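Just follow the structure's listing: the first ligand is 1, and inside any ligand the first atom is 1. Bear in mind that the values here come from a model prediction, so they are computed numbers and not experimental data. Counting begins at 1 with the first residue of the sequence.
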Amino acid sequence: MNVLVINAGSSSLKYQLIDMSTESVLSTGLIERIGEQGTTHTYKTNCVELTKEEAIENHMQAIESLMAKLADEEVGVVDGMNDIDAVGHRVAHGGCDFTESALIDHKALKAIRDNIELAPLHNPANITGIESCMAVMPKTAMVAVFDTAFHQTMPRHAYLYGLPYEAYADHKIRRFGFHGTSHKFIAKRTAEILGKDIKTLKIISCHLGNGASIAAIQYGESVDTSMGFTPLEGLVMGTRCGDIDPAIPEYLSKKLNLSDNEMNDYLNKQSGVLGLSGKSNDFRDLRHYVAKGDERAKIAIEVYCYRIKKYIGAYTAAMDGFDAISFSAGIGENDAMVRKYIIQGMDYLGLRLDEVKNLSGIKEGIISTPGSKVAALVIKTNEELMIARETAEVLEKH
Ligand code: ADP
């Protein structure tokens, strides 16, 4: 079975075609600046890598363009549309309507649309991607895979805020959590590497990319996660502030004379390690500045790591201990010093880091000592593969 994975943004579209018999990637692509000047289409297979400027006015033309590449006589990997068995769409927000991935029919599409108000930047682009795909490939089955669905198992005491209950009942104000596809993948892979049944494990999953979140996964189910009603809550991120006193925005917007939109921008795009360091949101840059003695870059990394440590403490309490902690995504997979800083001093939990392994440039595997009661791992997350797996699973059920 060949599954096409689509991640549609407002002006970009990422895709991957995966052969599920071997879980191998046949091709990947990225179309950027859709509907703008200088639209580019980058297409890669094992044999070629091309980037071309193309006139692509909208998402439908983007899907047509990617189909033309996939079935191209010279650089293509399939004979035609019939060789694509299903399309898996990444969808940001499933609200309370979706606890798992779903076959896209009129009802599902309506529910995704109903959740636009919860993800005004992302769901409309995802819907455009789905509708464009449906128009170009009307006979192909489509599945929606939600960033929020995995966290729908959170208990009430974890997803409710301390606000009047009506805020939840009337306005859906609750914690949803995001990065669900990645956390599910990380937990599964952690169990595989440890050679244990996921249903026996308590796992803390750290997805540390530009956006970052941490999840408590007990016996295969998410019981808490750091992102909330929006992806702004929780950890300090590349440019997002994470948890702050909710009184700060009003206070600061008066001081700085900022509109609601400007305040939103301040918290989402100018904060996090970028705001703290005043230099960059990228840990590779921050490491460079730290090496040159930059104090604010150093502070940014310290605040970043400390917040993660606090959440680990909270989730240890939430799950009455844990068996494994996994680090994933750009920072979690690559920055050994961040992992070290977070884990150090956790001997009291039975967690001992193998310093040599941690610094070995390991891409995936165990980084705790053989005698450590709690295992620490690096996991290479793969959201596209998880979306393709979910898509194949949904189709098998139907
Ligand atoms: P996203 O998908 O949210 O953009 P990624 O998981 O790709 O995030 O992570 C991107 C971030 O990972 C970069 O901003 C950078 O901070 C960090 N990163 C990537 N490579 C390295 C590296 N070799 N060392 C340290 N940090 C890295």
* Does Lys184 come within less than 4.0 Å of Glu390, counting only side-chain N to carboxylate O? ->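 Looking at Lys184 and Glu390, the cut-off is met.
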* Asked: Of the listed options (Ser328, Gly330, Ala212), which comes nearest to atom 12 (O) of ligand 1 when hydrogens are ignored and any heavy atom counts?
  ->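 Among Ser328, Gly330, Ala212, the closest heavy atom to atom 12 (O) of ligand 1 belongs to Gly330.
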* Asked: Within the structure, does Leu208 bring an N/O atom to less than 3.5 angstrom of an N/O atom in ligand 1?
  ->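 Checking ligand 1 against Leu208, no N or O pair falls under 3.5 Å apart.
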Quick check on contacts: which atoms of ligand 1 are under 4.0 angstrom from a heavy atom of [X]?
X	answer
Ile331	12 (O), 16 (O), 17 (C)
Ala329	6 (O)
Gly209	5 (P), 6 (O), 8 (O), 9 (O)
Gly211	3 (O)

* May I ask you to check whether Thr128 and His59 show a side-chain donor-acceptor distance below 3.5 Å? =>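 The criterion, which ignores hydrogens and geometry beyond distance, is not satisfied for His59 and Thr128.
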* Do the side-chain N and O atoms of Lys363 and Asn334 include a donor-acceptor pair separated by under 3.5 angstrom? ->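 A donor-acceptor contact under 3.5 Å links the two side chains.
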* Asked: Is atom 9 (O) of ligand 1 less than 4.0 angstrom from at least one protein heavy atom?
  ->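 It does: a protein heavy atom is found less than 4.0 Å away from atom 9 (O) of ligand 1.
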* Within 45° of the axis and under 6.0 Å from the centre of the six-membered ring of Tyr289, does NZ or CZ of Arg287 qualify? ->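 No - Arg287 does not lie over the ring of Tyr289 by the 6.0 Å and 45° rule.
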* Give, for atom CD of Glu53 and atom CD of Gln37, the distance between the pair rounded to the nearest 0.5 Å. =>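 These two atoms lie 8.5 Å from each other.
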* To do: Any chance you could measure His93, atom NE2, to Thr230, atom OG1, to the nearest 0.5 Å?
  =>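 That separation rounds to 8.5 Å.
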* To do: Answer yes or no: are there more than 12 heavy-atom neighbours, outside Asp170 itself, under 6.0 Å from its atom CG?
  =>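 Buried by this count: over 12 neighbours within 6.0 Å.
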* Using a cut-off of 6.0 Å, state whether more than 12 heavy atoms not belonging to Lys298 lie near its atom NZ. =>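 No, the 6.0 Å shell around NZ holds no more than 12 heavy atoms from other groups.
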Quick one: look up the protein heavy atom nearest [atom] and list residue, atom name and how far away it is.
atom	answer
atom 16 (O) of ligand 1	Phe283 N, 2.8 Å
atom 4 (O) of ligand 1	Asn210 CB, 3.7 Å
atom 23 (N) of ligand 1	Asn334 CB, 3.4 Å
atom 13 (C) of ligand 1	Asp282 OD2, 3.8 Å
atom 19 (C) of ligand 1	Arg284 CZ, 3.6 Å

